[in-house]
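For clarity, every value in this text was computed on a predicted model and none was experimentally measured. Below, each value reflects all heavy atoms present in this structure, side chains not excepted, and no hydrogens, waters or symmetry copies.
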Amino acid sequence: MSTLGIIALLTLLYWLYVTVDVLKGLPNLRTLPKSPLTSFSDKPSLVSVIIAAKEEESTIRETVKHLLSQNYPRLEIIAVNDRSRDATGVRLEELRKWSEGKQDIRTKLQIIHITHLPDGWLGKNHALYQGYLQARGQYLLFTDADILFAPGTITDAVTYMKEQDVQHLTLTPNMFARGALLKGFVHFFLFSFSLFVRPWRANIDNAKGTGIGIGAFNMVSRSAYEAIGMHKAIALRPDDDLQLGIFLKRAGYRQRVLSAKHLLQVEWYRSLKDAVIGLEKNLFSGFRYSYMVALLACLGQIGFFICPWLGLLFLWDWRGAVYAVAVILQIWLYRKLVSRLMSLRGDSAYLLPVSASLLVYTMIRSVWLTWKQGGIYWRGTFYSLRELKRSKK
């Protein structure tokens with residue numbers, strides 16, 4: 001048997017394995033259930049929503065307004081303006097004054113303005129930690145400054161956490177994207193990321209080796225958050241949302257990841273260029289700043305996601321048929337996961353090889369830029385590679 005034939009069979013075996021694993025795991029990946037307001041006692045638990053915002057003048061207003069419209073009876077919102085050079089701080093102060101003048105809005109909006117970033121901190125992580133220091137809630141909700149919330153989101157989340165005795169709940173949003181190419185790339189990244197972290201495994205209580213957190217919605221009990229060392233434990237991690245979930249899961253806290261495609265919406269990136277630039281800052285972090293791990297990740301993308309399409313097109317023998325089966329499984333899994341996690345049918349499946357190629361390019365660029373610069377620029381601040389590697393340990 002030729003080398004190419006062996007590679008084709010190994011590729012098919014990979015997709016068969018992944019298909020079986022996904023089929024076993026999908027029943028554990030459910031949608032956040034709806035709950036009535038009457039499920040709360042006379043004095044429900046206080047929830048502190050903490051938002052870190054840096055140069056978010058175009059989105060922060062809508063995010064905060066959606067949070068102020070929540071029907072949860074006990075809520076405080078802490079918005080942290082992290083050294084913004086645009087009008088983010090002004091927009092937040094305008095919202096605070098506006099909300100105080102509305103009799104139908106009882107939610108307290110507190111604004112924190114940060115002007116200095118201390119050593120040893122990534123800006124966002126420091127901002128979220130400063131928000132925690134001012135928070136009084138039994139539950140802490142860490143979220144991003146560009147998320148749109150349906151009115152019952154927090155009510156449904158708190159009810160679920162109490163009924164299921166969950167200490168950490170993270171929700172997947174519906175990811176909106178403009179244009180076919182950007183949509184295909186964003187959805188492929190979610191698909192590829194899901195196959196890598198297997199989010200459904202986080203819903204298995206005894207699987208301590210897994211864990212996940214999503215920046216759009218990370219709700220955690222105050223006691224669990226404090227027990228793992230808060231954001232001080234992940235002070236220099238660009239993937240802070242994911243690491244928060246991993247730390248909580250490893251510590252033995254009960255975690256759930258659910259779909260909230262009907263409750264949360266985010267426009268992750270506004271253009272393909274923004275997506276590439278945004279991801280190139282933290283992809284190398286996902287590889288533990290290891291050149292070998294990054295190389296294996298690139299080879300995996302090429303071998304398992306791109307080569308099957310090339311084999312389907314150019315191999316007109318049994319090897320092409322093997323690759324054709326691999327492509328069919330890839331498309332089916334893509335549509336299945338995208339449909340489960342978001343309100344989409346996976347119509348951009350025809351762009352899978354193009355999106356995979358773009359992701360490989362972004363991976364290579366992420367590693368190259370980090371090596372060339374000796375670190376990363378994150379929201380206008382430089383962090384050395386030596387410092388980032390030390391934080392991994």
Side-chain angles (χ1 to χ4, degrees), residues 25 28-33 45-52 78 80 120-122 124-144 147 153-154 156-173 190 193-194 196-260 263-264 282 285-286 288 341 391-393:
N28 291 323
L29 197 57
R30 302 184 180 90
T31 300
L32 179 67
S45 302
L46 176 64
V47 174
S48 299
V49 183
I50 303 172
I51 314 167
I78 303 171
V80 187
W121 281 95
L122 205 73
K124 178 187 175 184
N125 299 345
H126 176 254
L128 293 176
Y129 179 66
Q130 294 304 308
Y132 151 75
L133 293 177
Q134 301 299 319
R136 300 176 295 113
Q138 179 183 345
Y139 291 98
L140 307 172
L141 170 57
F142 299 103
T143 187
D144 293 332
I147 310 299
T153 306
I154 294 178
D156 294 347
V158 174
T159 301
Y160 180 86
M161 290 185 72
K162 286 181 174 293
E163 290 180 350
Q164 301 298 322
D165 190 25
V166 171
Q167 286 77 51
H168 175 227
L169 175 65
T170 191
L171 301 177
T172 64
L190 175 65
F193 178 75
S194 297
F196 177 69
V197 301
R198 314 290 170 87
W200 47 86
R201 293 184 179 179
N203 292 336
I204 303 173
D205 292 333
N206 60 358
K208 293 185 179 180
T210 60
I212 188 172
I214 299 168
F217 195 101
N218 260 331
M219 181 176 280
V220 58
S221 69
R222 188 186 195 95
S223 58
Y225 176 71
E226 293 174 343
I228 64 165
M230 303 154 290
H231 273 82
K232 289 193 293 185
I234 51 176
L236 280 170
R237 300 298 296 261
D239 53 346
D240 61 286
D241 48 359
L242 175 61
Q243 291 301 320
L244 179 66
I246 290 175
F247 272 52
L248 288 162
K249 187 69 172 180
R250 285 177 179 173
Y253 290 103
R254 199 162 193 229
Q255 182 180 90
R256 289 292 181 269
V257 53
L258 301 175
S259 171
L263 296 173
L264 299 173
N282 57 10
S285 169
R288 307 187 191 97
L341 296 172
S391 74
K392 288 284 183 180
K393 298 178 182 179

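Closest heavy-atom contact between Leu258 and Pro33: CD1-CD, 4.5 Å. Taking every heavy atom of both residues into account, Gln243 and Ile234 meet most closely at CB-CG2, 3.8 Å. Scanning all heavy atoms of the two residues, the minimum distance from Ile147 to Asp144 falls at CG1-O, 3.7 Å. Closest heavy-atom contact between Leu236 and Trp121: CD2-C, 3.7 Å. Here the shortest heavy-atom pairing between Ile212 and Ala202 reads CG2-CB, 3.8 Å. Closest of all the heavy-atom pairs between Ala233 and Ile228 is CB-O, 3.5 Å.
With Thr143 contributing its side chain and Ala216 its backbone, the two residues share a donor-acceptor pair below 3.5 Å. Between the side chain of Thr170 and the backbone N or O of Phe217, at least one donor-acceptor pair lies under 3.5 Å. The main-chain N or O of Lys232 is never found under 3.5 Å from a side-chain atom of Asn125 such that the two would form a donor-acceptor pair. Using a distance-only test at 3.5 Å, with no hydrogens or angles considered, no donor-acceptor pair links the side chain of Asp239 to the main chain of Ser285. Judged by distance alone, with hydrogens and angles left aside, the side-chain atoms of Gln255 form a donor-acceptor pair with the main-chain N or O of Gly245 at under 3.5 Å.
Looking at heavy atoms from C-beta onward, Gln164 lies in side-chain contact with Arg254 at the 4.5 angstrom threshold. Side-chain contact between Val257 and Asn203 is present, with at least one heavy-atom pair separated by less than 4.5 Å. Considering only heavy atoms from C-beta on, Phe247 stays 4.5 Å or farther from His168 through its side chain. Taking 4.5 Å as the limit, some side-chain heavy atom of Met230 sits within range of a side-chain heavy atom of Tyr132.
Asp240 pairs by the salt bridge (Lys or Arg N to Asp or Glu O under 4.0 Å) definition with Lys124, not counting sequence neighbours.
Between Tyr225 and Phe142, the angle of the ring planes lies from 30° to 60°, which puts this pair in the tilted group.
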Pair Arg237-Leu122, side chain to side chain contact (heavy atoms under 4.5 Å, CB included): steps then yes or no: CA-CA 7 Å; Arg237 300 298 296 261; Leu122 205 73; over 6 Å; no
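Under the side chain to side chain donor-acceptor pair (under 3.5 Å) test applied with Gln138, the options Ser45, Ser223, Ser48 reduce to a single match, Ser45. The only member of Leu171, Val49, Ile154, Thr153 that meets side-chain contact (heavy atoms from CB on, under 4.5 Å) when paired with Met219 is Ile154.
Salt bridge annotation for Asp165-Arg256: absent, with no cationic side-chain nitrogen under 4.0 angstrom from a carboxylate oxygen.
Between atom CD1 of residue Ile214 and atom CG of residue Leu244 there is a gap of 11.5 Å, rounded to the nearest 0.5 Å. Annotation: the span from Ile78 atom CD1 to Leu140 atom CG amounts to 8.5 Å, rounded to 0.5 Å. Ile204 CD1 to Lys249 NZ: the interatomic distance, rounded to the nearest 0.5 Å, is 7.5 Å.
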